[in-house]
Number of protein chains: 2
Amino acid sequence: MQSYTEENYLKIIYHLSEISHPVQTNAIAERIQTKAASVTDMIKKLSEKELVNYVKYQGVTLTEKGKLTAINIVRKHRLWEVFLVDKLNFKWDQVHEVAEELEHIQSNLLIERLDEFLDFPKVDPHGDPIPDKHGNFAEMTFVKLSKLKDGDQGTITGVSEHSSAFLKHLEKLGLTLGKRVEIIDVVEFDGSVELLLEHEKLNISREVAKHILITKN
Amino acid sequence: MQSYTEENYLKIIYHLSEISHPVQTNAIAERIQTKAASVTDMIKKLSEKELVNYVKYQGVTLTEKGKLTAINIVRKHRLWEVFLVDKLNFKWDQVHEVAEELEHIQSNLLIERLDEFLDFPKVDPHGDPIPDKHGNFAEMTFVKLSKLKDGDQGTITGVSEHSSAFLKHLEKLGLTLGKRVEIIDVVEFDGSVELLLEHEKLNISREVAKHILITKN
DNA sequence: AATTATTTTTAGATTTGTCTAAAATAAGAA
DNA sequence: TTCTTATTTTAGACAAATCTAAAAATAATT
């Protein structure tokens with residue numbers, strides 16, 4: 001069993017692993033709101049527990065055991081997010097902090113029953129995939145909206161930025177999960193995208209487009 | 001804001017206050033699975049935060065502020081228990097440990113939405129009253145089953161013992177919340193109670209009867 | 001390759017909550 | 001009242017997670 005803090009480190013290392021491999025001490029420190037020295041201490045502890053592979057000055061990677069632990073926390077986080085949105089009418093920009101706490105509740109029965117209660121959702125309110133209890137993810141076929149060309153069509157199925165500010169902005173524009181969009185034009189000057197959303201013309205910045213995930217269909 | 005540990009102390013002190021007033025150090029130590037010395041330390045801390053009134057060697061009482069905090073934790077605990085039983089199909093003897101963790105999640109929005117989602121329940125799965133957000137309890141008119149006389153009738157509306165062993169025992173006997181019972185005889189020899197439950201005769205020990213709460217009607 | 005800058009680690013201190021062992025106080029019995 | 005017992009508190013130590021400041025290693029630059 002891991003402590004609350006250890007679980008948080010594992011989760012952050014898991015997420016950062018998707019960007020850089022191995023993960024640097026400073027990157028963890030930044031994400032976890034702490035100092036590099038503290039990270040080094042914790043990494044040593046996790047290394048002794050065989051949850052991470054650690055080589056001094058070279059950063060860390062998760063061991064198989066550490067990865068499974070991390071994925072389980074991600075699973076819990078995302079299931080709770082679905083609960084908050086689907087059952088308690090939270091907005092998609094309100095769920096993160098609460099799920100951050102709920103993900104540490106220790107009870108397999110609870111999480112399996114929650115999964116069932118929510119009807120085994122495959123994605124969370126931001127379109128992120130929810131692993132099953134064995135740690136397996138369903139295949140996702142996302143494309144960043146910013147990569148689409150004129151005439152391309154698709155459905156919004158996820159976002160890659162979870163800040164409240166960004167999510168509220170999308171909400172205001174009507175760019176929520178499940179909506180169909182068609183690209184009218186990609187402006188060469190600034191990379192902004194002209195698109196059609198429910199017969200309405202819309203222009204979004206390249207910055208925004210980069211964080212909207214589309215499934216072509 | 002209080003720490004997880006502080007919250008637990010406040011909750012225990014609150015519950016013990018119903019038995020003895022003020023609450024003794026050793027009583028807290030026993031309930032919280034720790035040593036008297038640790039309790040003294042924590043009590044001093046809570047006293048400095050004005051959550052308890054503390055006189056050396058004389059035990060503690062909750063201040064108004066401490067009491068409100070404690071009641072809020074009890075509220076959260078009981079609402080989560082209702083959720084687990086009503087929505088996730090937990091048995092009434094399975095909910096305590098998980099609720100013990102869930103009660104510490106910090107989010108007023110969460111708890112108000114949960115309350116609404118559960119349709120503002122007045123009692124938890126053991127018949128214990130759920131305070132409203134201001135800390136007010138609905139009036140309860142319980143009588144211990146062991147206090148009833150021959151011919152008395154009523155509905156089981158609560159239990160005053162929450163161990164899994166006891167609850168499973170009741171479950172097996174069919175003595176669950178909402179069931180109507182009629183007293184046939186109180187055996188003088190051992191205080192055991194003969195009763196009628198859905199046209200079935202049943203004999204329960206005085207020990208069991210003491211922990212079943214009845215609303216006469 | 002030598003120097004500078006950045007990143008990471010060590011060493012030692014701090015905070016929270018806990019502990020043991022000993023001292024102080026309160027309560028009960030003779 | 002005095003002795004004995006039980007309860008509570010103090011003093012000092014410990015583990016977990018953090019911090020600052022300084023040292024060490026790595027990376028970047030000239």
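In what follows, chains are A, B, ... by sequence order, proteins preceding strands, each numbered from 1. From a predicted model like this one, the values you see are computed outputs, not experimental measurements.
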Go through C/dT10, D/dT9, D/dT26 for me and flag the one nearest to the A/A37 side chain. C/dT10
Taking only N and O in the side chain of B/T40, is any of them less than 4.0 Å away from OP1 or OP2 of D/dT10? no
For the side chain of A/D41, starting at C-beta, report the closest nucleotide among D/dT9, D/dT8, C/dT10. C/dT10
In whole angstrom, what separates B/Q58's CD from D/dT9's P? 9 Å
The answer to which of A/Y9 and A/Y57 contacts DNA chain D further toward the 5' end, by nearest nucleotide, is A/Y9
How many whole angstroms separate atom CD of A/E6 from atom P of D/dT18? 10 Å
When you check the phosphate oxygens OP1 and OP2 of D/dC19, does a side-chain N or O of A/S38 lie under 4.0 Å from one of them? yes
Close side-chain approach of B/E161 to B/V159, heavy-atom, < 4.5 Å: no
Measure from NZ or CZ of B/K87 to the centre of the six-membered ring of B/F117 and say whether it is under 6.0 Å with the direction within 45° of the ring axis. yes
Rounded to whole angstroms, how far apart are CD1 on B/I32 and C1' on C/dT18? 12 Å
Measuring to OP1 and OP2 of D/dT8, would you say a side-chain N or O of B/K35 lies under 4.0 angstrom away? no
Report which part of the nucleic acid A/T5 touches: base, sugar-phosphate, or nothing (heavy-atom distance under 4.0 Å, all strands). sugar-phosphate
Hey, does the side chain of B/K44 come within less than 4.0 Å of D/dT9's phosphate (OP1/OP2), counting only N and O? no
B/L46 CG to C/dT16 P: how many Å, rounded? 13 Å
Taking atom C1' of D/dT9 as reference, at what distance in whole Å does atom CD1 of B/I28 sit? 14 Å
Base, sugar-phosphate or nothing for A/T25? Non-hydrogen atoms, less than 4.0 Å. sugar-phosphate
Can you tell me how far C1' of C/dT18 sits from CD of B/Q33, to the nearest Å? 14 Å
So what does A/Y4 hit on the nucleic acid, given a heavy-atom distance under 4.0 Å: a base, only sugar-phosphate, or nothing? nothing
Can you classify the ring geometry of B/H77 versus B/H96 as parallel (below 30°), tilted (30 to 60°) or perpendicular (above 60°)? tilted
Starting at the 5' end of DNA chain D, which residue's closest nucleotide do you reach first, A/K56 or B/K56? B/K56
Closest approach to the side chain of B/Y54, judged atom by atom: which nucleotide of C/dA26, D/dT9, D/dT8 is it? D/dT9
Kindly point out which of C/dC19, D/dT7, D/dT26 is positioned nearest to the side chain of B/N26? D/dT7
Using OP1 and OP2 only, check whether a side-chain N or O of B/S3 sits under 4.0 Å from C/dT16. no
Indicate whether any N or O donor in one side chain lies under 3.5 Å from an N or O acceptor in the other, for B/N8 and B/H104. yes
For the aromatic rings, using the six-membered ring if either is Trp, is the centroid distance between A/F83 and B/F83 under 6.0 Å? yes
